[in-house]
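Please read the structure below before turning to the comments.
Letters A, B, ... are given to chains in the order of the sequence lines, protein chains preceding strands, and every chain is numbered from 1.
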2 protein chains.
Amino acid sequence: MFKKKIIIIEDQEDLRESFEVIINGSDKFFVQSTYPNAEKALREISKVRPDIAMVDLELPGMNGIEAIKHIKEKSPKTECVIVTVYEDSDLVFEGLKAGAVGYIIKNANYLEIISALDELVRGGSPMSSQIARMVIQNFHINPNSPLSSRETDVLKLIAEGKSYTQISEELFISKETARSHIKNIYVKLNVNSKSEAISKARKDHLI
Amino acid sequence: MFKKKIIIIEDQEDLRESFEVIINGSDKFFVQSTYPNAEKALREISKVRPDIAMVDLELPGMNGIEAIKHIKEKSPKTECVIVTVYEDSDLVFEGLKAGAVGYIIKNANYLEIISALDELVRGGSPMSSQIARMVIQNFHINPNSPLSSRETDVLKLIAEGKSYTQISEELFISKETARSHIKNIYVKLNVNSKSEAISKARKDHLI
DNA sequence: TAAAATTCACCCTTTTTGAGGGATTGAATT
DNA sequence: AATTCAATCCCTCAAAAAGGGTGAATTTTA
């Protein structure tokens, strides 16, 4: 088994060093290099290609969210872990959306850090259940939808880019019926085009 | 503080009863009623309106996934928890997508069950880090996209239902350029319409 | 330097869209 | 019993959009 190559992007020197010591003390991981900001890390990421990047969310210059996006662009196989003081914040959620697969709390102890990294390489995502809830709620549909179930069916197909004709074929109704539903959807959502309907539907989690 | 009202939908009588005993032994929860299948539960759900529904995934008749969907329709405020033997499966993931907010393993002990329910009422989602990974990977984009960044920009707008003209306006390019990009997208994705492009893009997490 | 990405133009035909109308049936609620 | 709502279907019309083909200039990047 090869040790997993890790880089650390963290502006606080003490933290950077304590993480390094802890990780280098393990038998599964080693720290390849550390960076005080995202810019310096991004300059080398393509050559270094680490297995794991630990990214602080609050960095001078480019913030952690943007850093994660760039890392995933330049080195897609690198798994990003958020390092944060705030256990449960929207910021962590943004980081996960940007491409991170989990996060580590700044004041975590040796065991917590190593076990989080362990979970990671075993294909898991270390995160609190609060964050997990935020994540899954993102693809739960809104139970207070103003639309009828048939209208929701139609809207889903609209969101897949289907035309009136295609929708009518998939739902075994006439094209005119599909158009009727769509007109009613427009009235209920207060929009007047497919694209507006899709935007509103996604924003309000109607589909 | 009122105790949280729970219903259990589980076909195995022994499990149903042991869950009931465990939960009724806690000071924060009580079992209002139990059901051996989804159909019977759904007949009463609108009147009972439990705070929490514990739903087995493998039920005779209607399965747990469908049951969860129906529960969320009829009683949106009821939080569904999956009860399953398989800790990490696509089935659990499907249940979460259907509207569940977490899951409990069938052979969990008293403490695990109560702490999972506790996490739930505190706004968390009890789940393993393996499941968490599956969940977040659902909104990570594919780093091996065949599309250029500009093409991806265009595709995102297509997925919002935008027309050639709207796309050109939003990206400050001419309509013909937008068409060019779209034609190239069609070739790269091997499709020949907007709807096909959207389907493929979503399936492959290109957007 | 060569390849890829980004930009734009003009040809063409067919389909779709959105805005107006209106109508019927059946189920659920009051 | 009355009424509302969902779901189904039909019509017209003009404007917009879509999709296919072909070619080419410019910039960026590997």
Legend entry - B:S149 side chain near C:dT6 phosphate (N/O to OP1/OP2, under 4.0 Å):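 The answer is yes; a side-chain N or O of B:S149 sits under 4.0 Å from OP1 or OP2.
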Legend entry - Phosphate OP1/OP2 of D:dA17 contacted by B:S163 side-chain N/O (<4.0 Å):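 True: B:S163 side-chain N/O within range (under 4.0 Å) of D:dA17 OP1/OP2.
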Inset, instruction - Would you classify B:T177 as touching base, sugar-phosphate or nothing, given that sugar-phosphate means primed atoms plus P, OP1 and OP2, and contacts are heavy atoms under 4.0 Å? - result: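 Answer is base: heavy atoms of B:T177 come under 4.0 Å of a base.
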Inset, instruction - Looking at every strand, decide which applies to A:K74 at a 4.0 Å heavy-atom threshold: base, sugar-phosphate, or nothing. - result: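 No contact.
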Can you measure [X] atom [atom1] to [N] atom [atom2] for me and round it to whole angstrom units?
| X | N | atom1 | atom2 | value |
| --- | --- | --- | --- | --- |
| B:E176 | D:dG19 | CD | P | 14 Å |
| B:N192 | C:dT13 | CG | C1' | 16 Å |
| A:L147 | D:dC5 | CG | C1' | 14 Å |
| A:H181 | C:dA19 | NE2 | P | 18 Å |
| B:Y164 | D:dA18 | OH | C1' | 4 Å |
| A:I158 | C:dT16 | CD1 | P | 14 Å |
| B:N184 | D:dG19 | CG | P | 14 Å |
| A:E73 | D:dA30 | CD | P | 12 Å |

Which of these nucleotides, [options], is closest to any side-chain atom of [X]?
| X | options | result |
| --- | --- | --- |
| A:R179 | C:dC8, D:dA7, D:dT12 | D:dT12 |
| B:T165 | D:dT12, C:dT6, D:dA17 | D:dA17 |
| A:S180 | C:dC8, C:dA5, C:dG22 | C:dG22 |
| A:R150 | C:dG18, C:dT7, D:dA7 | D:dA7 |
| B:K188 | D:dA6, D:dC10, C:dA5 | C:dA5 |
| A:K183 | D:dG19, D:dC11, C:dT16 | D:dC11 |

Inset, instruction - Using the salt bridge (charged side-chain N to carboxylate O under 4.0 Å, His left out) rule, pick out the option among B:R16, B:K40, B:K106 that qualifies with B:E10. - result: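 One option only clears the test, and that one is B:K106.
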Inset, instruction - Please indicate whether B:N190 has more than 12 foreign heavy atoms, meaning atoms of other residues, nucleotides or ligands, lying under 6.0 Å from its CG. - result: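 Open: at most 12 neighbouring heavy atoms sit under 6.0 Å from CG of B:N190.
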Legend entry - CA sep, side-chain torsions, deciding dist, call: B:E79, A:R133, salt bridge (Lys or Arg N to Asp or Glu O under 4.0 Å): CA-CA 12 Å; B:E79 310 249 52; A:R133 172 78 76 110; 3.4 Å; yes
Legend entry - A:I9 backbone acceptor or donor facing A:D56 side chain under 3.5 Å: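 Not confirmed, A:D56 side chain does not pair with A:I9 backbone.
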Inset, instruction - Please lay out, stage by stage, how A:K47 and A:E44 fare under the test salt bridge (Lys or Arg N to Asp or Glu O under 4.0 Å). - result: CA-CA 6 Å; A:K47 276 147 271 175; A:E44 298 184 15; over 6 Å; no
